[in-house]
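Below is one structure; the comments refer to it alone.
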Amino acid sequence: MPKDKDKQEVRVRYAPSPTGYPHVGNIRTALFNWLFARHHKGSFIVRIEDTDTARTVEGAVDAILEGLRWLGMDWDEGPDISGDYAPYFQSQRLNLYKEAAKRLIEQGDAYYCYCTPERLEEMRAEQIRLKQPPGYDRHCRDKSATGSVLKVMSGLKRVVRFRTPLEKQITFTDIVRSDVTFESSCIDDFVLLKSDGYPTYHLASVVDDHNMGISHVLRAEEWLSSTPRHLMLYDALGYKPPQFAHLPMLLGKDRSKLSKRHGAVSITDYKDQGYLPEAMLNFLSLLGWSLDDKTEIMSIQEIINNFSLKRVNQTAAIFNSEKLDWMNGVYIRNLNPEDFTRVSMPYLERDLPPDIERPLSAEYVSRITPLIHERVKRLDEVAGLTDFFFAEELEYQPELLIVKKMNRDLSLNALETAYLKLKRMHQFDEEAIEGVLRPLAEELELKVGQLFGTLRVAITGRAVAPPLFQTMAVLGQKRCVRRVKKAINTLKEMPETAEGA
RNA sequence: GGCGCAUUCGUCUAGCGGCCUAGGACACCGCCCUCUCAAGGCGGAGAUCACCGGUUCGAAUCCGGUAUGCGCUACCA
């Protein structure tokens, strides 16, 4: 047989359930599916698994799609754009599942179960008490169907359960974990159709993956133990199963499943904190996958070109945001000045104190942002790093004005001398300022660090700030002179014996 | 409890029988650069490759067991 015969088109799917925010672990799964599809020039499909009516959250679908869009992941078929296998909401495909369930019942591979939740709970409690493996006791498995007509007529709720083969070995080859074997004797008669008419994940995903022509199922490792159930369903339904690849999970710092108490877990949180989508995508791609032993910073295209399930590892990874911060800094520094200003703007508008006039001047901002560009790891730091450029008046912590190896009088003298010099300047650009201040240090017999440090506090109100001369040039002569004056006054109000911080 | 998967520096990872006295990156420490902070450069510390046996001339790499972690064991996905 020619090789190409069994080479099928790659069709993968991301199948989130809209029960909350788009979790990064979940998004990482979406990413691997997307990378796999794009690498193989296949299709990436988004399918909404809204079969749990109780847990469905309003707006969750939009948030999920928004997360994908933000990262630049596009889909070929999905809830908003439809496609050849529409609809892409499972809640709109109920007939398909019902038909499948009906067929299984007729074939004898499934049956109605009338056990009440109360009975099931009691049964489970008893099993746990007796240290038996919990699971459905197959109470309704071999009940004749004749009695059920009466039960249905009397309004009794029922579910459809799979008639799990009692003794069967299920072996499959997982792309990332190779051969895995399960005994069907350890699997109970799981529910296929719930009493509300909705399918469980097991039935719905099998029916849809088959109907939508999915070639590879790439999902998190937590699904590994469910795979034999799915395989039995494929078998009973006469479907050819797809290939499976179970991806390593994402864990929190304490090695437990990543959740809200570990901090930000929603992809939207990362956007809000000022991570660039390219950095986020690069970082996420490296959680469980690697190109080689050294390459880390890669463009989306490079990742797509090189992505392979062969290089996906089997170990769960701890989501470590320190490294993300570093990587985001790299991406920020790689931005050209215009782009950095552009991406910073929304964060400035959002984070600067409310008393600062809006909208911000784009021209003014574009003169400030280059001064902090290489210092930023996250865009939500930008406002805190630059607020003194926008404030009219500064409030000083007096002790900051006395830098190390200085005292009150020395500082006062330095500032007063500088004040006079600055006031008299005709040109106020970076070179001119440096031309005045550098000789001044010598004149005052101070180290440049002492003079510039003192001035830095006077000009910015803080001990750590962007380079002095550039900062002053952006602020302008008037404001600089005014601030130095205020610093002088602040120092004068201090007792003569005052010490620096 | 049962079943399954996993186990290399604190973290992300490279490694697929000899290239490993285990490589890279983040974080950390030191030095250089320097007006502070960053960025950058250089250097350092950090992993008896979970443990115990076996196979082999030779094992992080193959096999078995143990331990630990994680997952599943719902009318949740």
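Protein chains get the first letters and strands the later ones, always in sequence-line order, with residue 1 at the start of each.
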Exercise. For the pair Y14(A) and R47(A), evaluate side-chain hydrogen bond (donor to acceptor under 3.5 Å, both in side chains) and give the outcome as yes or no after the intermediate values.
Key: CA-CA 6 Å; Y14(A) 169 52; R47(A) 182 177 74 219; over 6 Å; no
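- Comparing rG54(B) with rA45(B), their P atoms sit 34 Å apart, to the nearest whole Å.
- For the pair R141(A) and Y111(A), the cation-pi criterion (under 6.0 Å, within 45° of the ring axis) is not fulfilled.
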Quiz prompt | Stepwise ring pair (Phe, Tyr, Trp, His ring centres under 6.0 Å) test for F32(A) and W289(A) | solution = CA-CA 9 Å; F32(A) 279 27; W289(A) 171 82; 7.5 Å; no
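- Atom pair D188(A):CG and rG2(B):P shows a separation of 17 Å (rounding to whole Å applied).
- Separating the P atom of rU66(B) from that of rC3(B) is a span of 11 Å, rounded to the nearest Å.
- Near RNA chain B, defined here as any heavy-atom distance below 4.0 Å, the residues from residues 450-474 of chain A are F452(A), R456(A), A463(A), V464(A), A465(A), P466(A), P467(A), L468(A), F469(A), listed numerically.
- Base pairing of rC31(B): its partner is rG41(B), meeting the Watson-Crick or G-U wobble criterion (both donor-acceptor distances under 3.5 Å).
- Residue S290(A) places at least one side-chain N or O closer than 4.0 Å to OP1 or OP2 of rA14(B).
- Closest to the R161(A) side chain, of the nucleotides rC75(B), rU36(B), rA74(B), is rC75(B).
- Taking each heavy atom of Y331(A) and I297(A) in turn, the nearest pair found is OH-CG2, 4.0 Å.
- Residue contacts shown for R219(A) are absent, as no nucleic acid heavy atom lies under 4.0 Å away.
- A heavy-atom distance below 4.5 Å is found between the side chains of R177(A) and E221(A).
- Taking atom CG of residue N306(A) and atom C1' of nucleotide rA14(B), one finds them 15 Å apart after rounding to whole Å.
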Protein and nucleotides 20-23 of chain B: nitrogen or oxygen contacts under 3.5 angstrom:
unit_1, atom_1, unit_2, atom_2, d
rG23(B), N2, D293(A), O, 3.2

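- Nucleic acid contact for K257(A): sugar-phosphate only, since backbone atoms but no base atoms lie under 4.0 Å from a heavy atom of the residue.
- Counting non-hydrogen atoms of other residues, nucleotides and ligands closer than 6.0 Å to CD of E126(A) gives a total above 12.
- On the C1' atoms, rA47(B) is 14 Å away from rC12(B), given to the nearest whole Å.
- The CH2-P distance, from W223(A) to rC70(B), rounds to 20 Å in whole Å.
- Distance noted for atom P between rC57(B) and rC49(B): 23 Å (whole Å).
- Residues that satisfy the salt bridge (charged side-chain N to carboxylate O under 4.0 Å, His left out) test with R219(A), not counting sequence neighbours, are absent from this structure.
- The minimum heavy-atom distance between P242(A) and V217(A), with the atom names listed, is CG-CG2, 3.6 Å.
- Among the atoms of the strands shown, base atoms are found under 4.0 Å from some heavy atom of S195(A).
- Taking side-chain N and O atoms only, K131(A) has no distance below 4.0 Å to OP1 or OP2 of rG2(B).
- The existence of a salt bridge linking E122(A) and R129(A) is excluded, since no basic side-chain nitrogen approaches an acidic carboxylate oxygen closer than 4.0 Å.
- Rounded to whole Å, the P atom of rC9(B) lies 14 Å from the corresponding atom of rA22(B).
- Put simply, R438(A) has no side-chain N or O that comes within less than 4.0 Å of OP1 or OP2 on rU34(B).
- Proximity of R124(A) to the phosphate of rC75(B): a side-chain N or O atom is located under 4.0 Å from OP1 or OP2.
- With hydrogens and angles left out, the side-chain atoms of Y198(A) and D50(A) include no donor and acceptor closer than 3.5 Å.
- In this structure, T51(A) reaches the sugar-phosphate backbone alone: every heavy-atom distance under 4.0 Å involves primed, P, OP1 or OP2 atoms, never a base.
- At a threshold of 4.0 angstrom between heavy atoms, the contacts of P228(A) with the nucleic acid are absent.
- Nucleic acid contact class of K310(A) (heavy atoms, under 4.0 Å, all strands): none.
- Summarising the geometry, the separation between CH2 on W326(A) and P on rA25(B) is reported as 9 Å, rounded to the nearest angstrom.
- Across all strands, N313(A) comes closer than 4.0 Å only to sugar-phosphate atoms, never to a base (heavy-atom distances).
- Remark: the separation of the P atoms in rC75(B) and rC51(B) is 42 Å, to the nearest Å.
- A salt bridge does not link R124(A) to D137(A): none of the charged nitrogens lies less than 4.0 Å from a carboxylate oxygen.
- The residue M249(A) sits close only to the backbone: its heavy atoms come under 4.0 Å of sugar-phosphate atoms, none of a base.
- Side-chain proximity of V448(A) to the nucleotides rC35(B), rC72(B), rC75(B) is greatest for rC35(B).
- A 3.5 Å limit on both hydrogen-bonding distances identifies no Watson-Crick or G-U partner for rC16(B).
- Under the rule for a ring pair (Phe, Tyr, Trp, His ring centres under 6.0 Å), the partners of H373(A) that lie at least two apart in sequence or sit in another chain are F340(A).
- The partner of rC49(B), taking Watson-Crick or G-U wobble pairs whose two distances both stay under 3.5 Å, does not exist in any strand shown.
- Minimum atom distance to the side chain of R333(A) is reached by rG40(B), of the listed rA77(B), rU73(B), rG40(B).
- When distances run from any side-chain atom of E296(A) to the nucleotides rG71(B), rA77(B), rA25(B), the shortest one goes to rA25(B).
- G329(A) comes within 4.0 angstrom of no nucleic acid atom, judged by non-hydrogen atoms across all strands.
- Pair assignment for rC3(B) gives rG71(B), based on Watson-Crick or G-U wobble hydrogen-bonding distances that are each under 3.5 Å.
- Residue R129(A) is classed as having no contact, given no heavy-atom separation below 4.0 Å to the nucleic acid.
- If you take atom C1' in rU8(B) and the same atom in rA14(B), they sit 10 Å apart, rounded to whole Å.
- Between the CD atom of Q127(A) and the P atom of rU73(B) there is a distance of 14 Å, rounded to whole Å.
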Quick test: give all pairs of protein nitrogen or oxygen and nucleotides 41-49 of chain B nitrogen or oxygen below 3.5 Å, distance rounded to 0.1 Å.
none

Protein-nucleotides 3-10 of chain B N/O pairs under 3.5 Å:
unit_1, atom_1, unit_2, atom_2, d
rC5(B), O2', R177(A), NH1, 2.7
rC5(B), O2', E221(A), OE2, 3.2
rA6(B), OP1, Q314(A), NE2, 3.1

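- Residue Q92(A) qualifies as enclosed at atom CD: its count of foreign heavy atoms under 6.0 Å is above 12.
- rG53(B) sits 14 Å from rA59(B) when the P atoms are compared, rounded to a whole Å.
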